[in-house]
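Values reported hereafter were calculated over all heavy atoms of this structure, with side chains retained and with hydrogens, waters and symmetry mates removed.
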Amino acid sequence: MIMATLQSLADLNRSNTGAVDPANEAPIHVQKLDAQGRAYATGKRKDAVARVWIKPGNGTVTVNKRPVETYFARPVLRMILRQPLEIAGRVDQYDITVTVAGGGLSGQAGAVRHGLSKALTYYEPELRAPLKREGFLTRDARVVERKKYGRKKARRSFQFSKR
């Protein structure tokens, strides 16, 4: 290895112009599909984990082998699921198959939204910027605080008795 000796700042500048640091370049996102032409992603929220597959279709959404209207009966939960598709402008363009387990319905809806957003970016990498701007690609790290011994709940203590 030959080390060049630098005499001035101009020599330093000339030596740095040719090499580009790969760590400073923006990563190039490419399409990730499986053998059936589907994009797969995992979403998480609280204790819920959702496995999401998307493929081009007419907008059929299946959650745990049931239609989304029966699994997520509350309109608010279905609205949470539609948010990434509405931001991306892809409503009724993908068939979505979801397997979700753990947690309650609200956590499961958040997990499906997270997984669907990730799957959309795997299918169409150019959708990453608008979905990231809305915060749909960030895993919400808030989880339930554990119960401590000597207390009724995580922070609530038993009623204090002076005598």
Side-chain angles (χ1 to χ4, degrees), residues 12-148 153-155:
L12 179 64
N13 193 21
R14 276 192 296 256
S15 67
N16 284 343
T17 55
V20 177
D21 186 16
N24 290 338
E25 289 184 20
I28 299 168
H29 297 284
V30 294
Q31 189 180 45
K32 297 179 190 172
L33 301 179
D34 63 4
Q36 288 84 27
R38 304 174 300 182
Y40 166 77
T42 305
K44 295 181 180 182
R45 170 85 170 92
K46 293 187 179 178
D47 270 345
V49 179
R51 301 184 305 158
V52 182
W53 291 268
I54 64 169
K55 63 180 180 182
N58 56 5
T60 307
V61 181
T62 308
V63 181
N64 289 351
K65 298 182 180 174
R66 288 192 273 173
V68 70
E69 289 78 20
T70 58
Y71 194 85
F72 291 117
R74 294 196 316 233
V76 173
L77 299 177
R78 289 197 301 271
M79 186 243 346
I80 290 172
L81 262 63
R82 278 196 309 271
Q83 284 176 336
L85 296 169
E86 290 170 353
I87 294 294
R90 302 290 190 271
V91 180
D92 297 335
Q93 291 186 17
Y94 289 107
D95 286 343
I96 303 165
T97 307
V98 180
T99 306
V100 64
L105 286 177
S106 177
Q108 288 184 351
V112 172
R113 181 179 82 170
H114 183 226
L116 178 57
S117 302
K118 284 171 60 175
L120 281 171
T121 60
Y122 292 155
Y123 205 91
E124 296 183 60
E126 63 272 7
L127 293 178
R128 184 172 171 82
L131 291 173
K132 192 169 176 74
R133 197 175 314 118
E134 294 296 322
F136 295 156
L137 296 178
T138 306
R139 198 263 200 232
D140 191 352
R142 296 177 297 169
V143 292
V144 177
E145 189 175 344
R146 80 172 201 87
K147 182 197 176 301
K148 278 74 170 191
K153 293 166 53 175
R155 299 191 179 189

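Across all their heavy atoms, Pro125 and Gln31 have their closest contact at CG-N, 3.7 Å. Here the shortest heavy-atom pairing between Ala41 and Tyr122 reads CB-CE1, 3.9 Å. Closest non-hydrogen pair, Tyr123 versus Pro56, comes out as OH-CG, 2.9 Å. The shortest non-hydrogen separation linking Ile87 to Pro130 is CG2-O, 4.0 Å.
How far OG1 of Thr121 is from CG of Leu137: 5.5 Å, rounded to the nearest 0.5 Å. Note that NZ of Lys118 is 10.0 Å distant from CZ of Arg139, once rounded to the nearest 0.5 Å. The CG atom of Leu85 lies 12.0 Å from the CZ atom of Arg113; values are rounded to the nearest 0.5 Å. Expressed to the nearest 0.5 Å, how far OG1 of Thr97 lies from NZ of Lys65 amounts to 11.0 Å. Atom NZ of Lys132 is separated from atom CG of Leu127 by 14.5 Å, given to the nearest 0.5 angstrom. Interatomic distance, Gln36 CD to Leu33 CG, rounded to the nearest 0.5 Å: 10.5 Å.
A side-chain donor from one of Asn58 and Thr60 sits under 3.5 Å from a side-chain acceptor of the other.
The existence of a salt bridge linking Arg78 and Glu69 is excluded, since no basic side-chain nitrogen approaches an acidic carboxylate oxygen closer than 4.0 Å.
Contact of the His114 side chain with the Ser117 side chain is not registered, since no non-hydrogen atoms from C-beta on lie closer than 4.5 Å. Within the 4.5 Å cutoff, the side chain of Tyr71 has heavy atoms near those of the Val100 side chain. A heavy-atom distance below 4.5 Å is not found between the side chains of Lys153 and Glu145. Leu77 is listed as a side-chain neighbour of Leu105, based on a closest heavy-atom distance under 4.5 Å.
Between Trp53 and Tyr40, the angle of the ring planes lies from 30° to 60°, which puts this pair in the tilted group.
Just one residue in the list Glu124, Arg128, Glu126 forms a side-chain hydrogen bond (donor to acceptor under 3.5 Å, both in side chains) with His29, and that residue is Arg128.
A donor-acceptor contact shorter than 3.5 Å is absent between the side chain of Gln108 and the backbone of Ala48. The backbone N or O of Ala39 lies less than 3.5 Å from no partner atom in the side chain of Lys55, so there is not a single donor-acceptor pair.
Heavy atoms from other residues, nucleotides or ligands lying under 6.0 Å from NZ of Lys147 number more than 12.
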Assess whether side chain to side chain contact (heavy atoms under 4.5 Å, CB included) is satisfied between Leu81 and Leu116, documenting all intermediate values.
CA-CA 8 Å; Leu81 262 63; Leu116 178 57; 5.5 Å; no

Can you check side chain to side chain contact (heavy atoms under 4.5 Å, CB included) on Asp47 and Val143, steps first, answer last?
CA-CA 7 Å; Asp47 270 345; Val143 292; 5.5 Å; no

Thr42 and Val49: side chain to side chain contact (heavy atoms under 4.5 Å, CB included), yes or no, with the steps?
CA-CA 7 Å; Thr42 305; Val49 179; 3.8 Å; yes

Start with the C-alpha gap between Ile96 and Val52, add the side-chain angles, then the distance that decides, and say whether side chain to side chain contact (heavy atoms under 4.5 Å, CB included) holds.
CA-CA 7 Å; Ile96 303 165; Val52 182; 4.0 Å; yes

